[in-house]
Amino acid sequence: MNRARSPARGAARPPRVRRLRRKELPVDTVALARFLLGKLVVRELPRARLVGRIVETEAYLVGDAACHAFRGMTERNRSLFRAHGHAYVYLAYGSSWMLNVSGEPEGTGAGVLIRALEPVSGLAAMERARGTRERRDLLRGPGRLAQALAIDRALDGTDLCARGPVWLGDDGADPGAHGASVRIGITKDAERILRYYVRGNRYVSGPGRLNP
DNA sequence: AACATGATGATCT
DNA sequence: GATCATCATGTTC
């Protein structure tokens, strides 16, 4: 591999990452969507640890027609009803896996879609999984990040606050200023301002007009 | 029939 | 390099 392309140029060791505890997560889906900006998604693979910083999220709420749980629990959306901090992974458009974090107490269906990550470490494995070395395209977009991190249905229901194949971390980095907009790619309840992103971050997805 | 998308190619800078 | 329009895709209800 070409070490010159590593993002950790000049770093003697990777930054220390602390796993988030469930009681640290807001028990409110909107609050969680904002809280997660700047935090880390850590994917443990047999040969590598892949890490990305969350730079874009969307909240899907109780009573929200765009939320998969809107019409009640089904076999697919079951994980959305787990206690906050569990993974809900589903297939969109027949080909893209979506990673969500459940956001309410057990029995209530709502969650946060992780829409984009900034690459932090494990870039070589991400490049292999994505079939490109274009850094900006590795994790920008919910389907791309799932592909880069080898996230699929096998991870649905995973406790993201426990030791396991994928979890949420914090390295103490300043999350930076947040922006908000309508959500991307939906038709129902499309006017609600429930998308959050890190202002000025190059790895945020979506059209420029939504990222002022 | 709808759908929480991405790759591609055209066009502009 | 950025942005935009187009369409392939197959699960889910």
Side-chain angles (χ1 to χ4, degrees), chain A residues 5 29-30 32-34 36-37 41 52 54-82 84 86-104 108-119 126-158 160 166 179-212:
Chain A
R5 289 182 68 85
T29 304
V30 168
L32 179 63
R34 304 194 63 137
L36 288 176
L37 293 178
V41 172
I54 300 170
V55 296
E56 183 186 356
T57 60
E58 283 178 352
Y60 288 85
L61 311 179
V62 172
D64 170 8
C67 180
H68 283 186
F70 185 64
R71 295 180 186 174
M73 189 186 295
T74 66
E75 187 170 352
R76 175 177 73 154
N77 68 24
R78 166 184 182 75
S79 296
L80 268 186
F81 292 82
R82 301 196 68 171
H84 65 299
H86 284 79
Y88 166 46
V89 179
Y90 74 92
L91 187 62
Y93 292 100
S95 54
S96 299
W97 295 99
M98 304 283 122
L99 172 65
N100 300 254
V101 182
S102 62
E104 301 287 334
T108 299
V112 175
L113 171 67
I114 307 300
R115 279 199 61 90
L117 305 174
E118 174 175 344
M126 296 179 193
E127 289 170 353
R128 279 197 301 277
R130 289 274 303 125
T132 179
R133 304 187 68 170
E134 199 56 52
R135 193 147 145 191
R136 194 170 178 231
D137 289 342
L138 292 179
L139 304 171
R140 181 172 53 117
R144 288 168 172 168
L145 74 87
Q147 184 179 36
L149 300 183
I151 289 170
D152 63 18
R153 173 133 298 170
L155 298 183
D156 183 43
T158 300
L160 298 172
V166 57
S181 81
V182 295
R183 294 171 291 183
I184 294 177
I186 62 169
T187 55
K188 295 175 293 191
D189 270 338
E191 309 80 17
R192 303 183 73 173
I193 306 300
L194 290 170
R195 170 178 175 265
Y196 306 97
Y197 61 94
V198 175
R199 271 190 206 277
N201 187 287
R202 168 180 179 75
Y203 298 95
V204 172
S205 80
R209 63 179 188 82
L210 292 184
N211 303 322

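Throughout, a chain's letter reflects where its sequence line sits, starting with A, and its residues are numbered from 1. On a predicted model such as this, the values are computed, not experimentally measured, just so you know. For the numbers below, each heavy atom of this structure counts, side chains included, while hydrogens, waters and symmetry mates do not.
A donor-acceptor distance shorter than 3.5 angstrom exists from the side chain of R136(A) to the backbone of R202(A), with no hydrogens or angles considered. R115(A) places no side-chain N or O within donor-acceptor distance of the main-chain N or O of G206(A), the cut-off being under 3.5 Å. A distance-only check finds a donor-acceptor pair linking the side chain of N77(A) to the backbone of H68(A) [under 3.5 Å]. Put simply, the side chain of R78(A) never gets that close to the backbone of M73(A): no donor and acceptor are under 3.5 Å apart.
Once rounded to the nearest 0.5 Å, the distance linking CE of M126(A) with CG of L149(A) reads 5.5 Å. Distance CD/E58(A) to OH/Y60(A): 3.5 Å, rounded to 0.5 Å. Put simply, CD on E118(A) and CG on L145(A) are 13.5 Å apart, with the number rounded to the nearest 0.5 Å. One distance of note links OG1 of T57(A) with CG of L36(A); it measures 6.5 Å at 0.5 Å rounding.
Listed by chain and residue number, Q147(A) satisfy the side-chain hydrogen bond (donor to acceptor under 3.5 Å, both in side chains) test with R130(A) (two or more places apart in sequence, or in another chain). Scored by the side-chain hydrogen bond (donor to acceptor under 3.5 Å, both in side chains) test, D152(A) finds no partners at all (sequence neighbours excluded). Annotation: salt bridge (Lys or Arg N to Asp or Glu O under 4.0 Å) contacts of D189(A) (sequence neighbours excluded): none. Applying the side-chain hydrogen bond (donor to acceptor under 3.5 Å, both in side chains) criterion to R183(A), with sequence neighbours excluded, gives D64(A). Remark: S102(A) pairs with no residue by the side-chain hydrogen bond (donor to acceptor under 3.5 Å, both in side chains) rule, at least two apart or across chains.
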Check the interface with nucleotides 10-13 of chain B: list each N/O to N/O pair with the protein under 3.5 Å, or write none.
none

Name the pairs: protein N/O against N/O of nucleotides 7-9 of chain B, kept only if under 3.5 Å.
residue, atom, partner, partner atom, Å
dA7(B), OP1, R130(A), NH1, 2.8
dA7(B), OP1, R130(A), NH2, 3.3
dA7(B), OP2, R144(A), NE, 2.8
dA7(B), OP2, R144(A), NH2, 3.1

Between the protein and nucleotides 2-4 of chain C, list every N/O to N/O distance that falls short of 3.5 Å.
residue, atom, partner, partner atom, Å
dA2(C), OP1, R202(A), NH1, 3.2

Quick one: side chains of residues 89-99 of chain A, donor-acceptor pairs under 3.5 Å with protein atoms, not counting sequence neighbours, listed by atom name and distance.
residue, atom, partner, partner atom, Å
S95(A), OG, Y93(A), O, 3.4

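Residues T29(A) and C67(A) form no side-chain contact, since every pair of their non-hydrogen atoms from C-beta on lies 4.5 Å or further apart. Looking at heavy atoms from C-beta onward, R192(A) lies out of side-chain contact with I186(A) at the 4.5 angstrom threshold.
With rounding to whole Å, I114(A) atom CD1 is found 14 Å from dT5(B) atom P. At whole-Å resolution of the value, CG in D152(A) and P in dT5(B) are 18 Å apart.
Within residues 56-77 of chain A, the residues having any heavy atom under 4.0 Å from DNA chain B are, by residue number, Y60(A), A66(A), H68(A). Using a 4.0 Å cutoff on non-hydrogen atoms, the parts of residues 87-103 of chain A near DNA chain C are L91(A), Y93(A), G94(A), ordered by number.
For the strand DNA chain B, secondary-structure stems (runs of at least three Watson-Crick or G-U pairs, all distances below 3.5 Å) span B:1-3 with C:10-12, B:5-12 with C:1-8.
Regarding contacts with the backbone of dT12(C), a side-chain N or O of R153(A) is found under 4.0 angstrom from either OP1 or OP2. Using a 4.0 Å cut-off, no side-chain N or O of R195(A) falls inside it from OP1 or OP2 of dA4(B).
Between K188(A) and G141(A), the residue anchored nearer the 5' end of DNA chain B, judged by the nucleotide with its closest heavy atom, is K188(A).
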